[in-house]
A.B. asks: 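Please see the structure below; I have some questions.
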Amino acid sequence: MLEYLAPELLEKKKVVERKVLPDLPDVEGTVVMRMAPSPSGPLHIGHSRMAILNDEYTKRYGGRLILRIEDTNPLNVENYAYDMIREDLDWLGVKYHEVVIQSDRFNIYYNYAKKLLEMGKAYITLCDEKEWRRLKLSRLPCPDRDLDPSVHLDRWEEMLSGKYGNREAVYVVKTDLTHPNPAIRDWAAFRIIRRARHPRTGEKYIVYPLMNFSVAIDDHELGLTHVLRGKDHINNTYRQLYIFDYFGWKKPVYIHYGKVKIENSILKTSIIKKGIKDGNFSGWDDVRLGTLAALRKRGISPDAIRKYWIDAGLKEVDIVFSWENLYAYNRTIIDPVAKRFFFVWDPVKVGVKSREELIANIPLHPNIDMGKKVYRLGREFNIYMTTQDFSSLKENDMFRLKDLGNFRFDGKFIIFENNDLSLIKKLKIFHWVPENSIRCNVIMPDGSEKSGLVEPEISRFQGGIVQFERFGYVNLFMGDTISGYFAHN
RNA sequence: GCUCCCGUGGUGUAGACCGGUCAAGCAUUAGGGACUCUCAAUCCCUCGACGCGGGUUCAAAUCCCGCCGGGAGCACCA
């Protein structure tokens, strides 16, 4: 029907189509979501997925986003990471409405732990660790499991008061020992860690909640409606659901997205930490790393990262991260603002001769008026070209120096012939810089360094993302010297 | 080994629930072309996929079965 009446409407619909995330299921009332990083280090590109997706959804539904810092493992918490995570999120443009730090909430966890013991839904086992696990795999209880709740409550108090050493007693949540999936059967919820210093609570606590317990409690306490998490947490979700069932809580909607395989990048905090300590990496923002700090330094726009994750969606299939696609998104963002400069790597000095005074008038951007760079060069002067370009010339070859003119190579000098632009389709086009150019080192993503010369007019500007023609986009830092970090070509 | 999940071009994604309009769309990459000036941008063109085998059906990427392949978990990490 519509086809007859208004075929153009159907056409239009197709054109407007663009990539958006699917709607969240079961939305009623205010959407509340959370990001739950662990402060073991700053965020990397993998973490940014959960941050962006949560942000997108809470913004779409006008909901609330909670940053919950999961620091219940004192062995893996770094004091500096708390602030770094927040800086990374700010840079990403992720808006969170509340910050919750789990190490502030021990009493909440303890209270629920006690309740669960009273309900007979948890126990404290003194059994040998390996034996307990062996029995579990055989669907059998360890002897402690069926003791009266009062015994477990006593043991709980003893645990808290320090009667037991590390690993001597452990608090376990009962699930179903006959559950077909061994991963779901009785799971540990609190452990004892003595002689550890937590950056925020010091040695105040020795009984630490494990992730499944604190997460379940907090997801309820904070009133979450939707939980986005990686599919590596699927079994954890099943485990946590027991807590919701025991207390009769309303469950959030869980959505699990697939694993991301990120190649050609270093993401593991333990490796990075060691590398920094050993002096192999310059810091958390070493460009060889996949940290957000490193990407920021390279001039990757947070909006490119956002677009990338929206495009990837949240399917449960595993995906391979594509740097190419991220760069493509970044390019469309930075290209309209990146001023163009000539950067000559592997420079070689070349003598130029001309019958007339040469003046170069070079636009800062090919498509957008950003002004010009002007170089008065004279009749006889030197320039620099890349060794590669210059050595490709044979005697009497004609070629063009971009934005300067057409030249002939006489075997020693290059001779200005004309500035006839109609010839450019036939000539090779090279770039160049004047003799008074400035030294510039560019750090490549693999850590190697490209040294060269950048045209002097660059000093009028403050740095940031630029394009070095025929080289690539570079994030420049202007100081006593000019240094750059290669983004991509 | 056990439990669960998933398989659309190089990469990501749409379509699959409600079989036909899908001889499979979009984006990116790669290759080519255009462009009075970049190995950039823009525009145009090209290459490129329903894991395999059966079944149901007039009709299957879509439903069913088997196989193959990939992944997650089976931690007193998160």
Side-chain angles (χ1 to χ4, degrees), chain A residues 3 14-15 17-20 22 36-40 70-73 75-77 102 125 129 132-133 136-137 166-172 179-185 187-193 207-212 214-215 229-239 256 258-261 263 269 307-313 315-329 331-332 334-336 338 340-343 362-363 365-368 400-406 419-425 427-431 467-473 488-489:
Chain A
E3 290 168 88
K14 193 141 200 173
V15 176
E17 179 187 324
R18 80 200 147 89
K19 182 64 192 167
V20 288
S38 168
S40 54
E70 307 207 329
D71 58 347
T72 54
N73 177 6
L75 309 175
N76 191 27
V77 174
Q102 288 193 315
T125 179
E129 206 178 319
W132 176 78
R133 199 171 298 129
K136 192 169 82 159
L137 283 175
N166 289 352
R167 307 183 91 86
E168 279 178 13
V170 58
Y171 178 114
V172 177
H179 193 107
N181 185 350
I184 311 300
R185 298 175 201 156
W187 45 270
F190 286 89
R191 61 172 169 171
I192 296 167
I193 304 178
V207 175
Y208 285 87
L210 274 325
M211 174 264 210
N212 279 305
S214 51
V215 165
R229 53 192 348 196
K231 79 175 190 186
D232 48 324
H233 283 297
I234 283 181
N235 285 338
N236 289 323
T237 299
Y238 289 133
R239 294 199 262 233
H256 299 95
K259 201 181 96 171
V260 188
K261 187 173 170 192
E263 293 162 325
T269 43
K307 186 141 183 354
Y308 184 91
W309 290 125
I310 290 172
D311 189 41
K315 295 209 306 184
E316 212 172 294
V317 289
D318 296 339
I319 58 174
V320 178
F321 185 83
S322 164
W323 291 102
E324 287 299 337
N325 285 16
L326 177 66
Y327 294 161
Y329 289 140
R331 200 176 291 127
T332 66
I334 64 176
D335 187 80
R340 265 57 169 179
F341 291 97
F342 287 153
F343 167 73
I362 313 176
H365 194 284
N367 313 320
I368 297 162
R400 179 165 178 82
L401 289 181
K402 186 165 181 281
D403 300 309
L404 184 57
N406 303 330
N419 197 11
D420 183 355
L421 285 171
S422 66
L423 299 175
I424 58 167
K425 349 178 175 43
L427 299 178
K428 278 195 177 150
I429 298 174
F430 298 135
H431 67 293
Q467 190 206 56
F468 284 167
E469 294 195 30
R470 302 213 298 150
F471 183 74
Y473 297 93
H488 48 77
N489 55 19

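No hydrogens, no waters, no symmetry mates; every other heavy atom, side chains included, goes into these values. Each chain gets a letter, A, B and so on, in the order the sequences are listed, and its residues count up from 1.
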A.B. asks: Using atom P in both nucleotides, what's the gap between B:A27 and B:U42 to the nearest angstrom?
C.D. replies: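 That atom pair is separated by 12 Å.
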
A.B. asks: Can you find a side chain N or O atom of A:Arg331 that sits less than 4.0 Å from OP1 or OP2 on B:U29?
C.D. replies: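 For B:U29, OP1 or OP2 has a side-chain N or O of A:Arg331 closer than 4.0 Å.
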
A.B. asks: Considering only side-chain heavy atoms of A:Asp403, which listed nucleotide, B:C37, B:G12, B:U29, is closest?
C.D. replies: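 It is B:C37.
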
A.B. asks: Which one, B:A78, B:U3, B:A40, comes nearest to the side chain of A:Asn181?
C.D. replies: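 That would be B:U3.
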
A.B. asks: Looking only at heavy atoms, which two atoms of A:Arg185 and A:His179 are closest? And how far apart?
C.D. replies: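 Between these two residues, the closest heavy atoms are NE-O, 2.7 Å.
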
A.B. asks: Does A:Ala169 or A:Leu404 map to a spot on RNA chain B nearer the 5' end, using the closest nucleotide for each?
C.D. replies: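 In this pair, the answer is A:Leu404.
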
A.B. asks: Does any nucleotide pair with B:G51 by Watson-Crick or G-U wobble geometry, both distances under 3.5 Å, and what is it?
C.D. replies: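 Base-paired to B:C67.
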
A.B. asks: Scan every strand shown for a Watson-Crick or G-U wobble partner of B:A40, both distances under 3.5 Å, and answer none if you come up empty.
C.D. replies: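 Per the H-bond distance test, none.
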
A.B. asks: Heavy atoms only, 4.0 Å cut-off, all strands: where does A:Asn212 land among base, sugar-phosphate and nothing?
C.D. replies: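 No contact.
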
A.B. asks: Answer whether the closest heavy-atom distance between the side chains of A:His488 and A:Ile334 falls below 4.5 Å.
C.D. replies: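 Of all side-chain heavy-atom pairs linking A:Ile334 with A:His488, at least one is under 4.5 Å.
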
A.B. asks: Starting from C1' on B:G12, measure out to OH on A:Tyr329 and report it in whole angstrom.
C.D. replies: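 So the OH-C1' distance, A:Tyr329 to B:G12, works out to 7 Å.
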
A.B. asks: Donor-acceptor pair, distance only, cut-off 3.5 Å: does the side chain of A:Arg331 make one with the backbone of A:Asn489?
C.D. replies: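 Judged by distance alone, yes, a pair lies under 3.5 Å.
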
A.B. asks: Looking across every strand, which nucleic acid part, if any, lies under 4.0 Å from A:Arg340 by heavy atom: base, sugar-phosphate, or nothing?
C.D. replies: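 Base, at least one base heavy atom under 4.0 Å.
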
A.B. asks: Taking any strand in view, what nucleotide pairs with B:A72 in a Watson-Crick or G-U wobble way, both distances under 3.5 Å?
C.D. replies: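 B:A72 is paired, partner B:U3.
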
A.B. asks: Pick base, sugar-phosphate or nothing for A:Glu316, based on heavy-atom distances below 4.0 Å to the nucleic acid.
C.D. replies: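 Sugar-phosphate only.
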
A.B. asks: State the CG-CG distance between A:Asn419 and A:Leu404, to the nearest 0.5 angstrom.
C.D. replies: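 Separation between the atoms: 7.5 Å.
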
A.B. asks: Choosing from B:C2, B:A78, B:C76, which nucleotide comes nearest the side chain of A:Pro182?
C.D. replies: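 For A:Pro182, the side-chain atoms sit closest to B:C2.
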
A.B. asks: Say you pick atom C1' in B:U21 and the same atom in B:A16; how far apart are they, in whole Å?
C.D. replies: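 One C1' to the other, the span is 16 Å.
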
A.B. asks: Which of these nucleotides, B:A78, B:U11, B:U36, is closest to any side-chain atom of A:Ser322?
C.D. replies: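 Given the options B:A78, B:U11, B:U36, the side chain of A:Ser322 is closest to B:U11.
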
A.B. asks: B:U13, B:U29, B:U36: which one has an atom nearest the side-chain heavy atoms of A:Ala328?
C.D. replies: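 For A:Ala328, the side-chain atoms sit closest to B:U29.
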
A.B. asks: Do A:Leu421 and A:Arg400 touch side chain to side chain, with heavy atoms closer than 4.5 Å?
C.D. replies: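 When only atoms from C-beta onward are counted, A:Arg400 and A:Leu421 do touch, with a gap below 4.5 Å.
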
A.B. asks: Phosphate oxygens OP1/OP2 of B:C74: is one of them under 4.0 Å from a side-chain N or O of A:Arg185?
C.D. replies: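 For A:Arg185, the contact criterion (side-chain N or O under 4.0 Å from OP1 or OP2 of B:C74) is not met.
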
A.B. asks: What about A:Asn325, does its side chain sit under 3.5 Å from the base of B:U11 through a donor-acceptor pair?
C.D. replies: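 Donor-acceptor pair under 3.5 Å: yes.
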
A.B. asks: Any side-chain heavy atom of A:Tyr473 sitting closer than 4.5 Å to one from A:Tyr327?
C.D. replies: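 No, every pair of side-chain atoms sits at 4.5 Å or beyond.
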
A.B. asks: Would you find a donor on one side and an acceptor on the other, under 3.5 Å apart, between the side chain of A:Asp232 and the backbone of A:Lys259?
C.D. replies: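 Absent.
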
A.B. asks: Check each of A:Gln467, A:Glu469, A:His431 against A:Arg340 using the side chain to side chain donor-acceptor pair (under 3.5 Å) test, and report the only one that passes.
C.D. replies: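 Considering A:Gln467, A:Glu469, A:His431, a side chain to side chain donor-acceptor pair (under 3.5 Å) with A:Arg340 is found only for A:Gln467.
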
A.B. asks: Taking atom C1' in both B:C22 and B:A14, what distance in whole Å separates the two?
C.D. replies: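 Pairwise C1' distance, B:C22 against B:A14, rounds to 11 Å.
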
A.B. asks: What orientation do A:Phe190 and A:Tyr171 show, parallel under 30°, tilted 30 to 60°, or perpendicular over 60°?
C.D. replies: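 The rings of A:Phe190 and A:Tyr171 stand perpendicular, inter-plane angle above 60°.
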
A.B. asks: How far, in whole Å, is B:G69 from B:G51 if one measures between their P atoms?
C.D. replies: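 Between the two P atoms, the distance is 15 Å.
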
A.B. asks: So what does A:Asn489 hit on the nucleic acid, given a heavy-atom distance under 4.0 Å: a base, only sugar-phosphate, or nothing?
C.D. replies: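 Answer is nothing: A:Asn489 stays at 4.0 Å or more from every strand.
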
A.B. asks: Using heavy-atom distances to pick each residue's nearest nucleotide on RNA chain B, tell me which of A:Pro37 and A:Gly405 is more 5'.
C.D. replies: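 Nearest nucleotide further toward 5': that of A:Gly405.
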
A.B. asks: When you compare the protein's N or O atoms with those of nucleotides 68-71 of chain B, which come within less than 3.5 Å of each other, and at what distance?
C.D. replies:
residue	atom	partner	partner atom	Å
B:G71	O4'	A:Asp318	OD2	3.3
B:G71	O3'	A:Lys259	NZ	3.4
B:G71	O2'	A:Asp318	OD2	2.7

A.B. asks: Indicate, with a heavy-atom threshold strictly under 4.0 Å, whether A:Ser422 touches base, sugar-phosphate, or nothing.
C.D. replies: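 Contact class for A:Ser422: none.
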
A.B. asks: Taking atom C1' of B:C76 as reference, at what distance in whole Å does atom CG of A:Leu75 sit?
C.D. replies: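 Nearest whole value for this atom pair: 11 Å.
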
A.B. asks: How close do A:Trp323 and A:Glu263 get, counting heavy atoms only, and between which atoms?
C.D. replies: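 A:Trp323 and A:Glu263 have their closest heavy atoms at NE1-O, 2.9 Å.
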
A.B. asks: Could you identify the nucleotide paired to B:A27, looking across every strand shown and requiring Watson-Crick or G-U wobble geometry with both distances under 3.5 Å?
C.D. replies: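 Base partner found: B:U11.
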
A.B. asks: Which base, if any, makes a Watson-Crick or G-U wobble pair with B:A78, both distances under 3.5 Å?
C.D. replies: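 None - no nucleotide pairs with B:A78, as no candidate has both distances under 3.5 Å.
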
A.B. asks: If you measure from the C1' atom in B:U46 to the same atom in B:U62, how many Å do you get, rounded?
C.D. replies: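 The answer is 29 Å between these two C1' atoms.
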
A.B. asks: What distance, rounded to whole Å, do you find between the two C1' atoms, one in B:A61 and one in B:A24?
C.D. replies: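 Roughly 8 Å separates the two C1' atoms.
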
A.B. asks: Can you tell me how far C1' in B:A75 sits from the matching atom in B:C68, rounded to whole Å?
C.D. replies: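 Rounded to whole Å, the distance is 32 Å.
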
A.B. asks: Scan every strand shown for a Watson-Crick or G-U wobble partner of B:U56, both distances under 3.5 Å, and answer none if you come up empty.
C.D. replies: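 Its partner is none (no Watson-Crick or G-U wobble pair with both distances under 3.5 Å).
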
A.B. asks: What's the CH2-P distance between A:Trp323 and B:G10, to the nearest Å?
C.D. replies: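 About 22 Å, once rounded to whole Å.
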
A.B. asks: Can you tell me which nucleotide in B:A41, B:A27, B:C2 comes closest to the side chain of A:Tyr473?
C.D. replies: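 For the A:Tyr473 side chain, the nearest candidate turns out to be B:A41.
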
A.B. asks: Nearest whole Å is fine: how far is B:C76 P from A:Glu129 CD?
C.D. replies: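 Distance, rounded to whole Å: 6 Å.
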
A.B. asks: Could you check how far CD1 of A:Ile193 sits from P of B:A75, rounded to whole Å?
C.D. replies: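 These atoms are roughly 18 Å apart.
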
A.B. asks: What contact category does A:Thr72 fall into here, base, sugar-phosphate, or nothing, at under 4.0 angstrom with non-hydrogen atoms?
C.D. replies: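 Result for A:Thr72 = sugar-phosphate.
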
A.B. asks: Distance check, C1' atoms only: B:C4 and B:G19, in whole angstrom units.
C.D. replies: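 Those two atoms are separated by 28 Å.
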
A.B. asks: At under 4.0 Å between heavy atoms, what does A:Pro366 touch on the DNA or RNA strands: base, sugar-phosphate, or nothing?
C.D. replies: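 It contacts base atoms.
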
A.B. asks: It should be established whether A:Lys402 places a side-chain nitrogen or oxygen under 4.0 Å from OP1 or OP2 of nucleotide B:U36.
C.D. replies: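 For A:Lys402, the contact criterion (side-chain N or O under 4.0 Å from OP1 or OP2 of B:U36) is not met.
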
A.B. asks: To the nearest Å, give me how far apart CG (A:Asn235) and C1' (B:G73) are.
C.D. replies: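 Those two atoms, CG and C1', are 4 Å apart.
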
A.B. asks: Please pick, from B:U38, B:U3, B:A78, the nucleotide with the shortest atom-to-atom distance to any side-chain atom of A:Ile429.
C.D. replies: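 For A:Ile429, the side-chain atoms sit closest to B:U38.
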
A.B. asks: Where the side chain of A:Asp335 is defined as all heavy atoms beyond and including C-beta, which of B:A40, B:G7, B:A78 is the nearest nucleotide?
C.D. replies: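 The answer is B:A40, which lies nearest to the side chain.
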
A.B. asks: How is A:His179 classified with respect to the nucleic acid when contacts are heavy atoms under 4.0 Å: base, sugar-phosphate, or nothing?
C.D. replies: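 No contact.
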
A.B. asks: Taking the minimum atom-to-atom distance to the side chain of A:Val317, which one of B:G73, B:A41, B:U13 wins?
C.D. replies: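 Closest nucleotide to the A:Val317 side chain: B:U13.
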
A.B. asks: Under 3.5 Å for both donor-acceptor distances, Watson-Crick or wobble: does B:C18 have a partner, and if so which one?
C.D. replies: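 Because no pair has both required distances under 3.5 Å, B:C18 counts as unpaired.
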
A.B. asks: So what does A:Ile424 touch, heavy atoms closer than 4.0 Å: a base, only the sugar-phosphate, or nothing?
C.D. replies: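 Answer is sugar-phosphate: A:Ile424 comes under 4.0 Å of backbone atoms only.
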
A.B. asks: Give the nucleotide from the list B:C4, B:G73, B:C39 with an atom nearest to the side chain of A:Arg470.
C.D. replies: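 My answer, after comparing the listed nucleotides, is B:C39.
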
A.B. asks: Heavy atoms under 4.0 Å, any strand shown: does A:Trp132 hit a base, just sugar-phosphate, or nothing?
C.D. replies: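 Sugar-phosphate, no base atom in range.
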
A.B. asks: Output all residues satisfying ring pair (Phe, Tyr, Trp, His ring centres under 6.0 Å) with A:Phe430, sequence neighbours left out; order by chain, then residue number.
C.D. replies: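 For A:Phe430, the residues satisfying ring pair (Phe, Tyr, Trp, His ring centres under 6.0 Å) (neighbours in sequence not counted) are A:Phe399.
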
A.B. asks: So which atom in A:Arg239 and which in A:Asn236 form the shortest heavy-atom distance, rounded to 0.1 Å?
C.D. replies: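 Taking every non-hydrogen atom into account, NH2-OD1, 2.9 Å.
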
